[in-house]
Amino acid sequence: MDTTPSPTPTARRASLTVDQDDPIWALPATFRWGVATSAYQIEGATSEDGRTPSIWDTFCRVPGAVRDADHGDVACDHYHRMPEDVALIADLGLDTYRFSVAWPRVQPGGRGPVNHAGLAFYDRLVDELLSRGVEPWITLYHWDLPQELEDAGGWPGRDTAYRFADYAMLVHDALGDRVPTWTTLNEPLCAAMLGYHVGVHAPGRRDLGDAVAAVHHLLLGHGLATERLRAASAPGTQLGITLNLGPGQPATDSAVDRNAARLADGLGNRLYLDPVLRGSYPDDVVADLARVGVQIPVRPGDLETISAPIDVLGVNYYFAHRISGTDEQGRTAEADGLPVRRSLPTGRPTTAMGWEIQPEGLTELLVRLGHDYPGIPMVITENGAAFDDEPDADGFVADDDRVAFVAEHLRAVARARQRGADVRGYLAWSLLDNFEWAEGYAKRFGLVRVDYETQRRVPKRSALFYRDVAQRVRQAG
Ligand code: FCB
């Protein structure tokens, strides 16, 4: 594709050419184009205007928990630079910005009245976006649970679901008149499993039973919030949840590998999709968990609540799996008794995260979702890649690897649409380089480079490429 030089001083021509007959050009003019971020990863200002600590503030202080002992105290200083960041989005010509609200900023401690000073930040952000023609898309929970709620039991405790629904309404009361799309939770799998089972994310607990209880209470919180948001929302408001999903083929046709792939799909995908979209937990996963003494703490009525109708399924996709049912020593069961589920490399190139680049997995996933869970529109709420960016003397990054990644994944979305998947938009992860959780600031996912010394932002080549593709698709309609 030929791109016109941008008037901004940092602009460079996008390098990738996209053929006239590329599937990307089949995306409709109405396709949604945006970027995503989350509060703890960019805001900083963790103790300003009444914000109290979240589990991530606490976790970052645990020695060895986060690479280089990094933390979100300053991050991208977005709390103080918000108008500049909104201008970046608008200047890229994008129509949607998905951001998350920090619960401990809006409701310090996770209970009680709203903190007006904290809420005012999101009020300004929403107005700034609207004034620049960018649609706000709120995620209510992107992992920053108020520490006091963790101290009271965290997500393994049922009460947290009710606290979440109350908090959702505080935000909605203030912003519901201007925000058309609401995501309750971002990636409950990561919040529950990485946080409460594997222990590599906050709050760093390691207990499968706690993690499974956390799954249920996160989903219950989603359902309770969805019911209340629905009742309070204007007609046409879009409500949804964002799940991170990945297809997983068995490494071989052996019964062991096929069983491991089934369980990986159960624990990774169906454990979330089925209750939300079908009102039931998958029988095979329930049975597997019961065999190792873990029960999902379901009470009568919970599944009706969890399956409250939604309008959009947010899909976060990063990679696919090739699942083996044996570990390096040839063992077939984990210490907890569940079958081994090991993701084997396929030899494809990887990103700086070590994640294999598998765009065809996205097509496969979206086609399958459309088939197995029909009738629910989808939006890619996150997709992107970390690479070891090399800025030039001006801070510009000619990130052709990221350009290719974005192009391949847009193509994968277009192919899924051609095969019937109802995918309505793509939100790139991420607007800015940011705090990548346990990886700290070492991994850069931004379309826009952040120099953490100066907080200077410089759009990378991928940002310009993304801008130009979105513009051309829109104009073709
Ligand atoms: C997702 C998270 C997001 C970001 C990307 C790389 O799992 O939702 O915050 O860290 O991974």
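All heavy atoms count here, side chains included; hydrogens, waters and symmetry mates do not.
Between Asp166 and Arg228, at least one side-chain nitrogen of the basic residue sits less than 4.0 Å from a carboxylate oxygen of the acidic one, meeting the salt-bridge criterion. Ion pairing of Arg51 with Asp49 is absent here, as no side-chain N (NZ or NE/NH1/NH2) approaches a carboxylate O to less than 4.0 Å. Here Lys460 pairs with Asp433 in a salt bridge; the nearest charged N to carboxylate O distance falls below 4.0 Å.
Taking the six-membered ring where tryptophan is involved, the planes of Trp429 and His142 are essentially parallel, since the angle between them stays under 30° and well short of 60°.
Residues Trp137 and Trp182 place their aromatic rings such that the two centres sit no closer than 6.0 Å. Taking the six-membered ring for Trp and the full ring otherwise, Phe435 and Tyr441 have centroids separated by under 6.0 Å.
Judged by distance alone, with hydrogens and angles left aside, the side-chain atoms of Thr37 form no donor-acceptor pair with the main-chain N or O of Phe99 at under 3.5 Å. Under the 3.5 Å distance criterion, the side-chain polar atoms of Arg457 are matched with a main-chain donor or acceptor of Cys76. For Asn186 (side chain) and Tyr141 (main-chain N/O), no donor-acceptor pair under 3.5 Å exists by modelled atom type.
Atom CG of Asp177 is surrounded by more than 12 heavy atoms from other residues, nucleotides or ligands within 6.0 Å.
Considering only residues two or more places apart in sequence or on other chains, Asp151 meets the salt bridge (charged side-chain N to carboxylate O under 4.0 Å, His left out) condition with none of them. A search for salt bridge (charged side-chain N to carboxylate O under 4.0 Å, His left out) contacts involving Asp123 returns Arg178, not counting sequence neighbours.
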Only pairs under 3.5 Å count here: list side-chain donor-acceptor contacts from residues 359-369, not counting sequence neighbours, and write none if there are none.
from   : atom 1 : to     : atom 2 : distance (Å)
Glu360 : OE2    : Arg348 : NH1    : 2.4
Glu360 : OE2    : Arg348 : NH2    : 3.3
Thr363 : OG1    : Ala412 : O      : 2.9
Glu364 : OE2    : Gln249 : NE2    : 2.8
Arg368 : NE     : Asp372 : OD2    : 3.1
Arg368 : NH1    : Asp265 : OD1    : 2.9
Arg368 : NH2    : Asp265 : OD1    : 3.4
Arg368 : NH2    : Asp265 : OD2    : 3.0

